[in-house]
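So you know, we letter chains A, B, ... as the sequences are listed, proteins then strands, and number each from 1. Small disclaimer: the values here were computed from a predicted structure and weren't measured.
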Amino acid sequence: MSDLETFRKDARAWLEENCPAEMRDGAGGEENICWGGRNWEFQSEAQKTWLNRMAEKGWTVPAWPKEYGGGSLSKEEVKVLKSEMRDMKARSPLESFGIWMLAPALLKYGTHEQKLHFMPPIARGEIRWCQGYSEPNAGSDLASLQCKCEDKDDHWLVNGQKVWTSYADESDWIFCLVRTDPKATKHNGISFLLIDMAAQGVSTKPIKLISGKSPFCETFFDDVKVPKEHASGIAAIVGDLNRGWDVAKYLLTHEREMISAGGGGLFGGRGMGEIAASEIGLEGGRLADPMLRGKIAQAEIDGWAFLLTLERMKDEAKAGQGVGANSSMLKYYGTEFNKRRFELLMDSGGSEALEWEGERTKDGKLARSWLRTKANSIEGGTSEVQLNIIAKRILQLPGA
Amino acid sequence: MALVLTEEQQMLRDSARGFLDEKAPVSALRKLRDTNDETGFSRDLWKEMAEMGWAGILVGEEFGGADFGFVGAGVLAEEMGRTLTASPFLSTSILAATALQKLGGDAQRQEHLPKISAGEAVFALAVDETRKHGPQKTAMKAEKYGNGFKLSGDKTFVADGQVADKIIVAARTAGAPGDAEGLTLFLIDAAAKGVARERTVMVDSRGAARLKFEGVEATGDDVLGEVDGGLAALEGVLNAGRAGLAAEMSGSAQTAFTMTMDYLKERKQFGTEIGAFQALQHRAAHLYSEIELMKSVTLKALQDLDEHYGMAGIICSLAKAKAGEVAKLASQEAVQMHGGIGMTDEFDIGFYMKRIRVAQEMFGDAAFHADRLAAMRGY
């Protein structure tokens, strides 16, 4: 038996023994995610047990090195573990911005001490992070951000506002882009700063979106004092002073890759044609609405071609071919496609898809999801910004 | 299987590109057009291609072929799409070679495949009878006559039909137009009594013909595959052609796009390169994305033909539909972004628009294939 097969066998046995029955319902919706953090209220005892057991094993973040709270598993082993978890419909024990965003930044730009200090609590689900990038006047033009961070010798003094900070009201810490040199050109005076949300002067306010509730907040900093070192030898700034834009760019690319890779999930369930057929019905074997049928067929062609493109880009990367900036293309196409897909699902749902409340529609689940997709092509860099990036980095058009 | 070209396939691509750039650039097609060339392609060039193993790219080694598979054939089709090379590659090396390899009996394969590999015989596939593709609509009759058949009816849009030595023709041995059953493929000598052909001068300057069959006699030996073999056998051959055309369009679209990007970087108006205008940049970036999708789905279709020939119908429809739409967009944007010069005959971009329009229509346009996909997906 190969090492990988041995690993699979052991992993399966361990999961069988340690994953509580309630956590094997395959529930992957946002409402069932365990986010962790100081203020986290577990939905059940099982959720808590599952997190703790997985964290102890290092499997909340299986690919991270053991010293940072992970399982030191190889890529292949992580794949095996995920497939075993999928097979038993195990829920993910923990998701967070700390895992998705901060950790990749720390791994690339952080000091060994910063990694040792900040990563294990993320892995254990003890500290929940949020991301402070956008500001009211710095959206697509993110580098024009103004959140002020002054050097007061023994501490940083932060004043300003962030917007679209997901779950800021429930988070313990925030990683933030702040302006540390107002005289430098706009990309050169930014730093990547870690702030404790419990510090005096930090406040948040939720934002309600057109889809109803939302995870987004505004976050305000009024004379917030941030120590230069959060503990002895643990700098509050990640990477070099005034080089925060490098970190931000790296993370934005990473975020786009995650968003576009999420495109794969689009086709996990039933196809658009199948859904429309069950809702509208067939006539002579064809969808009873011939115009909609044509649109759905064309969308399925594009959706399929998009998935194959994700696959091809992955294979090209493995083979050492391909273009790095393609994450912008995937983000652009994938999010625009998702909007189109939900428009078609709303079309085939007809008036029933318009219900906003009530059990029949699970409180307008489709309508709310449809509205939520409108943010896909705004967050993580708008479609227009992605097109700018493609024009500049891939097509190398002038002045872009 | 990884969705990338193998090293061997990349080498084939690189050598094909070098050869075609030198021997068969767009100016060669222009010359064929301007001299009203009767053949529609250069026989010398075709001979050279055969010597390199291209004519028999799908043919088994025992018949003198290169046995390089559909991905290999697609690589060549894509390169020929880049230079708009006129050759009987699609009709002979993809369609006829597939039909003979997959459906032919031993005697037929031994007789014809070596000639295909050697570039000695040109074949054509005659399917469509009306202006829109629809193999199921076949009305041409093949009536029992003694021990054989008599074929009567008309065929149109037969690529390379004007010079083909042999014609593979779909005819009805049973049933009525619209039935999937009752179709049979025949291998007919183009010089046979009762075959009349009219060369059609097409918008893309490539060779095609309308064929008239009046009581053309065929024996049982001329049947390719089974009598009443039906649509399924024909569809396999058509799928190969569709994937080949998708690859060709991919090559044409990519070249039209590259020419356009070069032009955006060089043409100046309002004191700056026009490529600096965001209105053009965003359209270019969108088109880039669409082209990437086209490349993925085309490669997948070719790989699936190699690996699951009988089940590649849906992916070939996908590729043909997507490539048709994207190549159309690429040619339209190319002409528009080139402005006035794009409309002149002297400039090459118009040749791309014309060829893409023909390739798009052949063996089913995007609407045909979207409809086919929806039907196969049960809605």
Side-chain angles (χ1 to χ4, degrees), chain A residues 271-278 280 282 285-288 290 292-319 321-323 326 328-330 332-333 336-337 383-384 386-392 394-400, chain B residues 1-7 10 257-258 260-261 264-266 268 272-278 280-301 303 314-315 317-323 325-326 366-367 369-379:
Chain A
M272 281 178 274
E274 196 188 333
I275 293 171
S278 70
I280 296 176
L282 301 175
R286 290 158 167 243
L287 193 64
L292 181 62
R293 177 177 182 266
K295 285 188 196 170
I296 288 177
Q298 273 157 358
E300 286 208 327
I301 289 169
D302 290 342
W304 218 325
F306 176 69
L307 279 192
L308 287 168
T309 303
L310 284 178
E311 191 184 324
R312 181 166 66 88
M313 302 274 157
K314 260 187 227 157
D315 289 343
E316 282 183 357
K318 260 187 234 161
Q321 313 166 3
V323 188
N326 269 329
S328 284
M329 185 273 285
L330 297 173
Y332 161 66
Y333 208 98
E336 291 296 333
F337 177 77
S383 283
E384 290 71 21
Q386 305 313 318
L387 291 171
N388 287 345
I389 294 172
I390 297 169
K392 178 179 181 177
I394 301 178
L395 304 179
Q396 301 186 331
L397 289 171
Chain B
M1 183 178 218
L3 207 48
V4 289
L5 294 182
T6 62
E7 228 168 90
Q10 288 179 44
F257 183 64
T258 305
T260 308
M261 291 308 102
L264 293 190
K265 289 170 194 169
E266 138 205 330
K268 285 190 176 164
T272 181
E273 299 93 341
I274 59 172
F277 296 122
Q278 203 175 38
L280 297 184
Q281 287 180 350
H282 282 193
R283 278 162 54 188
H286 172 76
L287 180 53
Y288 169 82
S289 311
E290 291 285 9
I291 286 174
E292 289 303 307
L293 265 67
M294 168 177 64
K295 284 159 65 178
S296 315
V297 69
T298 301
L299 180 55
K300 182 69 175 176
Q303 285 187 349
I314 203 164
I315 188 75
S317 269
L318 242 138
K320 183 66 170 54
K322 187 68 191 165
E325 289 294 286
V326 175
H369 288 289
D371 176 77
R372 188 166 177 253
L373 174 115
M376 286 194 269
R377 304 261 294 156
Y379 66 92

- Query: Contact part of L264(B) toward chain A, heavy-atom cut-off under 4.5 Å: side chain, backbone, both or neither?
  - Reply: both

- Task: Go through the atoms of L282(A) and report whether side chain, backbone, both or neither lie under 4.5 Å from a heavy atom of chain B.
- Result: side chain

- Query: So what's closer than 4.5 Å to chain A heavy atoms on E325(B): side chain, backbone, both or neither?
  - Reply: neither

- Message: Can you tell me which of A284(B), A374(B), S289(B) forms the most heavy-atom pairs within a distance under 4.5 Å of chain A?
- Response: S289(B)

- Message: Looking at every heavy atom in both F277(B) and T272(B), which two are closest together, and how far apart are they?
- Response: CZ-CG2, 3.6 Å

- Task: Just give me the residue among E311(A), R293(A), R312(A) that pairs up with chain B most often, heavy atom to heavy atom, under 4.5 Å.
- Result: R312(A)

- Item | Choice from K322(B), M261(B), R283(B) maximising heavy atom contacts with chain A below 4.5 Å | K322(B)

- Bottom line for A277(A): the part with an atom under 4.5 Å from chain B's heavy atoms is side chain

- Item | Interface moiety of I315(B) toward chain A, non-hydrogen atoms closer than 4.5 Å | side chain

- Message: Any salt bridge linking K295(B) with E292(B)? Criterion: basic side-chain nitrogen under 4.0 Å from a carboxylate oxygen.
- Response: yes

- L310(A) vs M313(A) side-chain heavy atoms within contact, under 4.5 Å: no

- Task: Please flag which part of E384(A) lies under 4.5 Å from any non-hydrogen atom of chain B: side chain, backbone, both or neither.
- Result: both

- Message: Which one wins on heavy-atom pair count under 4.5 Å against chain A: L373(B), T258(B), D371(B)?
- Response: D371(B)

- Shortest non-hydrogen separation from T309(A) to M329(A) and the atoms involved: CG2-CE, 4.0 Å

- Where does I296(A) contact chain B at under 4.5 Å (heavy atoms): side chain, backbone, both or neither? both

- Query: F257(B) vs Y288(B) aromatic rings, parallel, tilted or perpendicular, using cut-offs 30° and 60°?
  - Reply: tilted

- Which residues pass the side chain to side chain donor-acceptor pair (under 3.5 Å) test with T298(B), sequence neighbours left out? none

- Query: Under 3.5 Å, is there a donor-acceptor pair between the side chain of Q281(B) and the main chain of K392(A)?
  - Reply: no

- Task: Could you pull out the closest heavy-atom pair between G273(A) and E300(A), with the gap in Å?
- Result: N-OE2, 3.6 Å

- Task: Could you look at A367(B) and say if it's the side chain, the backbone, both or neither that has a heavy atom under 4.5 Å from chain A?
- Result: neither

- Whatever's closer than 4.5 Å to a heavy atom in chain A on I314(B) counts as side chain

- Note on the structure: Honestly, the part of E266(B) sitting under 4.5 Å from a heavy atom of chain A is neither

- Task: Just jot down the side chain to side chain donor-acceptor pair (under 3.5 Å) partners of S317(B), sequence neighbours excluded, or say none.
- Result: H369(B), R372(B)

